[in-house]
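One structure below.
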Amino acid sequence: MPASPAQVSANAGPGRVPLSACIIAFNEADRIGDCLASLAFCDEIVVVDSGSTDGTREVARAAGARVLERPFDGFRSQKQFAVNQCAHDWVLSLDADERVDARLRAAIEAERDAGFARAAGYRFARMSEYYGRFLRHGTAYPDRVLRLFDRRRGGWRGDREIHEAVSVDGPVALLPGDLLHHPYRSFMQLLDKKQRYARMMAEHDFARGKRATLGKLVLAPAWRFFRGYVLKAGFLDGWPGLVESFVSANYVRQKTIMLWLLQNGQPLVDPPRHGK
């Protein structure tokens, strides 16, 4: 169970800084336990749930996390809300489908013991499992993310609610180790997720004046595939690398088509139907 702030003060060394972890979740009862276990070295764990019906909150509480409920209004907004609820200024922000591996944990603990003196935030690689293996090439890896930071100097900023990212005012250091990512439960769930993200990005781009062109529709997906599979050596991951390169290219294609539909006044989802 995470230590209380009083326990942290009693046990901490002269340079050791207390660390909060925060997670956003929705119907993650089957996966959040492993995520929480990987965060056992943190002094506090906060879980913000957006209405789960599968026992996610109960699993989190049983693991010692402080659980809050908030309606979901966007990935960035939900994650920043979770950061704001933490008791400590240094925060490690994860999704329920991510886990800290042993090497990354050791690196974070070493930085904490030194007072996080090197940087305002820390970046590390995220390694994702796709189609039966962790991919180590292509656009899937190293996929470095900034998730450990001083919230007084940064956070989940901006107005983009999809493909959100942390930014900080100050230096950023790179840590060894991997954030292990299990992004889907089935292939169909992955495709649905990619399509939902494509729609959100298309709506974001349209609202900011971006427009689709024939050139973007033809060239952008082809470039995404070539960059990931050839230039970034996705082919070294075998069949999983090939499939991921195609799925990634299709995401770009869907996003561009949806942007074109929006700029031409076409619906992206079924309009409401009223019975007689």
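Basis for what follows: all heavy atoms, side chains included, without hydrogens, waters or symmetry-related copies. Fair warning: this is a prediction, and the values are worked out from it, not measured in the lab.
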Given 3.5 Å as the limit, does a donor-acceptor pair link the side chain of [X] with the main chain of [Y], or not?
X	Y	answer
Asp49	Glu69	no
Arg147	Ser93	yes
Arg31	His182	yes
Arg151	Cys86	yes
Tyr184	Lys193	no
Gln85	Phe81	yes
Gln263	Gly209	no

Is it the case that [X] and [Y] place a side-chain donor and acceptor less than 3.5 Å from each other?
X	Y	answer
His137	Asp237	yes
Glu28	Ser52	no
Arg224	Ser248	yes

- Among Asp95, Asn27, Thr56, side chain to side chain contact (heavy atoms under 4.5 Å, CB included) partner for Ile32: Thr56
- Please work out whether the ring planes of Phe226 and Trp223 are parallel, tilted or perpendicular, with thresholds of 30° and 60°. tilted
- Message: Could you measure the distance from the CG atom of Asp97 to the CG atom of Leu179? Nearest 0.5 Å is fine.
- Response: 9.0 Å
Give the minimum heavy-atom separation between [X] and [Y], together with the two atoms involved.
X	Y	value
Glu111	Tyr122	OE1-OH, 2.8 Å
Leu94	Cys35	CD2-SG, 4.1 Å
Phe124	Leu175	CB-O, 3.8 Å

- Please confirm whether Tyr197 and Tyr251 have ring centers closer than 6.0 angstrom. no
Charged N-O contact under 4.0 Å between [X] and [Y]:
X	Y	value
Arg105	Glu109	yes
Asp30	Arg185	yes
Arg157	Glu164	no
Arg16	Asp43	yes
Asp150	Arg152	yes

- Apart from Phe149 itself, what residues make up its hydrophobic cluster, given side-chain heavy atom links below 4.5 Å? Val83, Val91, Leu146, Trp156, Val166, Val168, Val172
- Item | Pairwise side-chain hydrogen bond (donor to acceptor under 3.5 Å, both in side chains) hits with a residue in residues 208-222, at least two apart | Asp159-Arg208, His204-Arg208
- Query: Is the number of heavy atoms from other residues, nucleotides or ligands within 6.0 Å of CZ (Arg153) greater than 12?
  - Reply: yes
